> 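I am attaching a structure below and will ask some questions about it afterwards.
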Amino acid sequence: MAKSFGFDNQINRTNTRSYKWDYAETLFGAKDLLPLWVADMDFLTAPAITERLVQRAQLGSYGYAVRTDSYLDAIVSWYRRRHEWTIQSDSIVDSPSVVTSLSLAVQLFSEPGDQIVIQTPVYYPFYEVIRGNDRVVAASRLRIENNRYEMDFDHMESLFQGGAKLLLLCSPHNPGGRVWSEDELRRLGDLCLQYGVHVVSDEIHGDLVHPGRRHLPFASLSPEIAEITITCLSATKTFNLPGLHTSFMAVSNVEARRKINQRMKLLGLSNAGHFAQDAVEAAFNKGEAWLDELLEYIGENIAFARQYLSKQLPQVKPMIPDATYLLWVDCRSLGLDSKGLKELMFHQAKVAFSEGSGFGEDGTGWLRINVACPRSLLAQALEQFCEAARKL
């Protein structure tokens, strides 16, 4: 494939109010770190998106906006083309972010004190939206088999038998990059139907799947599973748009959708954003070639990082991700606790990866590396980290 979107080009994001690049000293207590942590990309987005946003900005009047049929059509068409999944346009509910959707679902479909099932280690806001809403984390630890995560169905069933009625599913999995197979998802779906468990499925990484793997939306398995599922989706991870604060849910269940829409209206979140709809339309209608080239580049970055670590620091072991631009690396052989890993990264190596305990106790001793950056930047960060680690 010809390279035409400049993913090798470094862009200067400092002094742009970038959470990733301009906030390191506040977050990590050190300056001049190479930041490969939070999940946004150091790439320019698809040109069609930029062009559309410039056109929108040039209107010069930024009043209240409405949601149009063309926006809904772009979403429906994208998921039909890319995932062979038909979403009904009237099932789509907008939300500022997937985390907003997770938190609202916990509030609306459980009660204080209820147990909410998650599979750990997992994206850290899963813990926050449960505990912050006075619910209880019911953790089902993922098993490591052949250097990949596997679900523990027996343990999950015991949690359902114990009264848990809501599951937050991460599909594809963050941080492990696992794409769950159809057999796994169907087995999980059967358990949820058997025990009356509703599912909130975070599928924000569903477009970032590597060759040979296929993301299967949980709600697409059957009409019965769709009725118990709220699917959280967004163009933001796929096209590097998180600062636009836009996402949406696919909610087949009429009563669940009514409750969500009512709460969104009460919170003042039901109006369309002035820019976000344009970005999503442009992404889904004209961004496919950019995404295909991005996935090739990310795959090459993952291969580069794995090879570099195997030669320069062979005692650490990265999982091979099926999806995402995140590399989950087992650093337990370094013999460092969470504090020690942070000291190694922030003060000795001068890099910022995501320290694993933030994803739960099962992540202690691991690091998550964001490889969605020019390869030269990735190489520099890995060199600095490996050199500092070898001095241990």
Side-chain angles (χ1 to χ4, degrees), residues 5-54 56-57 62 95-100 123-125 128 174-175 204-205 207-208 234-247 273-276 278-280 282-283 287 290-291 293-294 297-298 301-302 305 324-327 341-342 345-347 349-356 358-359 367-385:
F5 293 107
F7 295 122
D8 266 330
N9 299 334
Q10 289 199 24
I11 57 176
N12 186 358
R13 298 180 62 195
T14 58
N15 301 313
T16 63
R17 292 193 290 116
S18 168
Y19 185 51
K20 185 177 185 180
W21 283 87
D22 293 331
Y23 211 52
E25 186 173 12
T26 301
L27 291 171
F28 309 124
K31 295 181 179 180
D32 303 322
L33 302 181
L34 288 181
L36 279 67
W37 62 287
V38 70
D40 73 8
M41 306 186 208
D42 288 310
F43 303 132
L44 297 177
T45 191
I49 298 173
T50 303
E51 292 167 9
R52 181 72 171 269
L53 290 176
V54 168
R56 186 72 172 169
Y62 310 121
S95 171
S97 71
V98 165
V99 175
T100 304
Y123 181 47
Y124 59 87
E128 295 173 353
N174 174 12
I204 196 171
H205 292 280
D207 291 319
L208 297 167
S234 180
T236 56
K237 282 290 181 285
T238 310
F239 291 97
N240 199 30
L241 306 171
L244 291 183
H245 294 287
T246 179
S247 77
H274 188 83
F275 292 99
D278 296 80
V280 173
W290 181 92
L291 175 58
E293 187 173 311
L294 170 80
Y297 192 87
I298 293 297
N301 269 5
I302 290 169
T324 81
Y325 48 75
L326 306 168
L327 195 63
L341 277 175
K342 290 176 182 178
M345 285 189 294
F346 307 149
H347 300 289
K350 290 292 185 177
V351 297
F353 306 144
S354 295
E355 190 273 313
F359 300 88
L367 295 175
R368 192 190 74 173
I369 303 175
N370 177 352
V371 303
C373 61
R375 195 157 306 131
S376 57
L377 182 62
L378 175 62
Q380 183 181 353
L382 291 174
E383 180 182 354
Q384 290 176 201
F385 178 74

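All values below come from the heavy atoms of this structure, side chains included, with hydrogens, waters and symmetry mates left out. Fair warning: this is a prediction, and the values are worked out from it, not measured in the lab.
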> Quick one, L34 and K350 - any side-chain contact, counting heavy atoms below 4.5 Å?
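Sidechains of K350 and L34: no contact.
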
> Working to the nearest 0.5 angstrom, can you tell me the gap between F5 CZ and L294 CG?
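Reported value, rounded in 0.5 Å steps: 10.0 Å.
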
> For the backbone of H274 and the side chain of R56, can you confirm whether one donor and one acceptor N or O come within less than 3.5 Å of each other?
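Checked: pair present.
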
> Looking only at heavy atoms, which two atoms of L241 and A235 are closest? And how far apart?
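Closest approach of L241 to A235: CD1-O, 4.1 Å.
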
> Tell me the closest heavy-atom pair linking E355 and K342, and the distance in Å.
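The answer is OE1-CE, 3.4 Å.
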
> Donor-acceptor pair, distance only, cut-off 3.5 Å: does the side chain of S97 make one with the backbone of H245?
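Pair absent, no side-chain N/O of S97 close to backbone of H245.
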
> Does the ring centre of W37 sit less than 6.0 Å away from the ring centre of Y19?
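That pair passes the under 6.0 Å test.
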
> Quick one: pull up OG1 in T324 and CD1 in I302 and give me the separation to the nearest 0.5 Å.
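T324 OG1 to I302 CD1: 6.5 Å, rounded to 0.5 Å.
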
> Got P35 and Y23 here, is their nearest side-chain heavy-atom distance under 4.5 Å?
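No, too far: nothing below the 4.5 Å cut-off.
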
> For T45 versus F239, what's the shortest heavy-atom pair and its separation?
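Heavy atoms only, the tightest pair is OG1-O, 2.6 Å.
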
> I need the minimum non-hydrogen distance between A372 and I298, along with the two atoms involved.
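Nearest heavy atoms, A372 then I298: CA-CD1, 3.7 Å.
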
> Counting N and O atoms only, with roles assigned by atom type, does the side chain of N174 sit under 3.5 Å from a partner on the main chain of Y123, one being a donor and the other an acceptor?
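Not a single qualifying donor-acceptor pair exists.
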
> Test side-chain contact (heavy atoms from CB on, under 4.5 Å) on F353 and R368 and set out the steps.
CA-CA 6 Å; F353 306 144; R368 192 190 74 173; over 6 Å; no

> To check you understand the geometry: which heavy-atom pair defines the closest contact between C373 and N370, and what is its length?
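Where C373 meets N370 most closely, the heavy atoms are SG-O, 4.3 Å.
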
> About how many Å separate OG of S354 and CG of L326, when rounded to the nearest 0.5 Å?
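One finds 8.0 Å between CG of L326 and OG of S354.
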
> Report the relative orientation of the aromatic rings in F275 and Y62; use parallel for angles under 30°, tilted for 30 to 60°, perpendicular for over 60°.
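It falls in the tilted class, 30° to 60°.
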
> Taking the side chain from N240 and the backbone from M41, do they hold a donor-acceptor pair closer than 3.5 Å?
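Pair found, side chain donor or acceptor close to backbone of M41.
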
> Once the angle between the rings of Y297 and F7 is folded into 0 to 90°, is it parallel (under 30°), tilted (30 to 60°) or perpendicular (over 60°)?
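It falls in the tilted class, 30° to 60°.
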
> Does any part of the side chain of L367, heavy atoms only, come nearer than 4.5 Å to the side chain of F385, both counted from C-beta?
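F385 vs L367: side chains touch.
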
> Might you point out which heavy atoms bring E293 and G6 nearest each other, and give the distance in Å?
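Result for this residue pair: OE2-N, 4.4 Å.
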
> Starting at CG of D207, measure out to OG of S234 and round the result to the nearest 0.5 Å.
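Interatomic distance, D207 CG to S234 OG, rounded to 0.5 Å: 9.5 Å.
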
> Can you tell me how far CG of L44 sits from CD1 of I11, rounded to the nearest 0.5 angstrom?
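Result: 4.5 Å between the selected atoms.
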
> Between atom CG of L208 and atom NZ of K237, what is the distance when rounded to the nearest 0.5 Å?
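The distance works out to 9.5 Å.
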
> Got a donor-acceptor contact below 3.5 angstrom from the D22 side chain to the R17 backbone?
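Yes: the side chain of D22 pairs with the backbone of R17.
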
> Under the salt bridge (charged side-chain N to carboxylate O under 4.0 Å, His left out) definition, can you give me all pairs with a residue in residues 25-48, not counting sequence neighbours?
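Found R13-D40, R13-D42, K20-D40, K20-D42.
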
> Looking at V371, is its backbone amide N or carbonyl O close enough to the side chain of N301 to form a donor-acceptor pair, meaning the two atoms are under 3.5 Å apart?
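Indeed, once roles are kept as given, a pair shorter than 3.5 Å links the two residues.
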
